2 protein chains.
Amino acid sequence: MQQTTTTSFRKLCAEHGIAVTHQRQVLYEVMHGMEGHPSPEEVYAKVKKKVPAISLATVYKNIHLFVESGIFRKMSMHHGSVRVEMNSEAHHHMVCSRCKAITDIGEEELGLAPSRNKLPGGFLVERYSVDVIGLCEKCQQA
Amino acid sequence: MQQTTTTSFRKLCAEHGIAVTHQRQVLYEVMHGMEGHPSPEEVYAKVKKKVPAISLATVYKNIHLFVESGIFRKMSMHHGSVRVEMNSEAHHHMVCSRCKAITDIGEEELGLAPSRNKLPGGFLVERYSVDVIGLCEKCQQA
DNA sequence: TAAAAGATGATAAAAGTTATCCTTCAATAA
DNA sequence: TTATTGAAGGATAACTTTTATCATCTTTTA
Ligand SMILES: [Mn+2]
Ligand SMILES: [Mn+2]
Ligand SMILES: [Zn+2]
Ligand SMILES: [Zn+2]
């Protein structure tokens with residue numbers, strides 16, 4: 001089983017053209033086994049139990065690497081700072097995955113019909129916030 | 001006109017039960033006139049031109065105040081740190097506006113039909129990321 | 001107009017992230 | 001298998017964003 005895991009991680013790395021290291025493998029396995037949407041600090045705390053000498057910088061570097069190579073993805077666009085919305089119209093956002101430009105798009109233009117107002121688990125809907133991830137026109141050319 | 005603006009800001013403050021200060025008024029007017037989704041630093045830079053002595057802390061405090069009192073809103077949920085997604089299924093998120101708990105919800109469960117793949121401005125859609133903002137069951141009781 | 005409550009400004013501190021630099025390790029070829 | 005070389009890791013400084021603290025000043029209200 002250990003052998004199998006190791007082998008499949010080697011394969012994953014080969015597919016993505018990244019080197020296999022012990023830290024990377026443990027990090028991958030720990031992250032893979034985590035529920036929800038952990039922060040880098042939470043990942044670090046868990047990995048440290050298996051590789052006590054690991055550095056927080058290594059965790060950050062490899063989280064980025066995993067995200068860039070498509071092994072995992074970011075939960076949502078994370079802007080360095082909080083952003084305020086002054087447009088009070090009901091609208092959503094187009095986010096360019098390359099240049100990170102954010103453009104408003106009206107609810108009708110987007111053509112989204114939020115149906116339910118109660119969701120599984122008894123969650124009561126207040127509003128929907130849709131980020132459309134994709135490429136802006138400029139970035140499609142480049 | 002200046003008089004009118006001042007009067008309407010006083011009214012807005014009264015409605016939201018917050019005190020009227022010079023800094024607050026200038027901040028509100030500057031933010032109201034800004035395009036897009038500025039960061040606190042960008043707001044600070046602009047306000048400083050009109051009130052050179054204003055402190056960055058005041059800008060932060062009042063942005064929070066404006067958001068809490070519903071005058072403006074946050075562009076999107078901003079978590080203190082980057083969050084990684086290990087669930088590779090196509091899914092979206094229910095975000096509790098009170099306790100900030102994030103729960104996965106499958107695409108079908110949500111009942112969302114993303115139709116177009118080209119949007120205004122030539123934006124090419126890669127994927128949709130929907131945050132449903134609302135109250136989780138626990139927070140509805142409290 | 002005076003007292004109380006609240007807001008501001010300066011600045012320290014905390015939290016999150018990135019950069020630097022030296023050491024160690026993994027990939028590759030001899 | 002071993003030597004070489006580029007890549008990766010570890011320690012830590014530095015940077016960015018945000019919050020906390022506290023003395024001073026301004027609004028509110030009575
Ligand atoms: Mn917007
Ligand atoms: Mn998720
Ligand atoms: Zn772009
Ligand atoms: Zn909740």
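Below, chain A is the first sequence line, B the second, and so on; all start at residue 1. Since the structure is predicted, the reported quantities are computational estimates derived from the model, not experimental observations.
- With rounding to whole Å, Q25(B) atom CD is found 15 Å from dA7(C) atom C1'.
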Collect all protein-nucleotide pairs involving nucleotides 23-30 of chain C in which both atoms are nitrogen or oxygen and the distance is under 3.5 Å.
unit_1  : atom_1 : unit_2 : atom_2 : d
dA26(C) : O3'    : V20(A) : O      : 3.3
dA27(C) : OP1    : V20(A) : N      : 3.1

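- For R10(B), the CZ atom is loosely surrounded, since the number of other residues' heavy atoms within 6.0 Å does not exceed 12.
- For the helix from dT1(C)-dA30(D) to dA30(C)-dT1(D), the angle separating the two terminal helix axes comes to 40°, with each axis derived from five pairs and the value rounded to 10°.
- Residue pairs satisfying the ring pair (Phe, Tyr, Trp, His ring centres under 6.0 Å) criterion with at least one member in residues 47-66 of chain A, sequence neighbours excluded, are listed as follows: F66(A)-F72(A).
- Residue H16(A) qualifies as enclosed at atom NE2: its count of foreign heavy atoms under 6.0 Å is above 12.
- Residues satisfying the side-chain contact (heavy atoms from CB on, under 4.5 Å) criterion with A45(B), sequence neighbours excluded, are absent altogether.
- The distance from the OG atom of S39(B) to the CE atom of M75(B) is 12.0 Å, given to the nearest 0.5 Å.
- The backbone N or O of A19(A) sits less than 3.5 Å from a side-chain atom of R24(A), completing a donor-acceptor pair.
- Not a single ring pair (Phe, Tyr, Trp, His ring centres under 6.0 Å) links H22(B) to another residue, sequence neighbours left out.
- For the side-chain hydrogen bond (donor to acceptor under 3.5 Å, both in side chains) test, residues two or more places apart in sequence or in another chain that qualify with S81(A) are R83(A).
- When the side-chain hydrogen bond (donor to acceptor under 3.5 Å, both in side chains) test is applied to S69(B), no partner is found at least two apart in sequence or on another chain.
- H92(B) meets the side-chain hydrogen bond (donor to acceptor under 3.5 Å, both in side chains) test with E107(B); sequence neighbours excluded.
- Under the rule for a side-chain hydrogen bond (donor to acceptor under 3.5 Å, both in side chains), the partners of D104(A) that lie at least two apart in sequence or sit in another chain are N87(A), H91(A), H93(A), H37(B).
- Of the residues in residues 56-72 of chain A, those with a non-hydrogen atom less than 4.0 angstrom from any atom of DNA chain D are A57(A), T58(A), K61(A), N62(A).
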Which atom pairs, one a donor and one an acceptor, fall under 3.5 Å between side chains of residues 133-142 of chain B and the rest of the protein, sequence neighbours left out?
unit_1  : atom_1 : unit_2  : atom_2 : d
Q140(B) : OE1    : K118(A) : NZ     : 3.1
Q140(B) : NE2    : G122(A) : O      : 2.6
Q140(B) : NE2    : L135(B) : O      : 3.1

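- Here chain A contacts DNA chain D (any atom closer than 4.0 Å to a heavy atom, that is under 4.0 Å), and the contacts span dA8(D) to dT18(D) from 5' to 3'.
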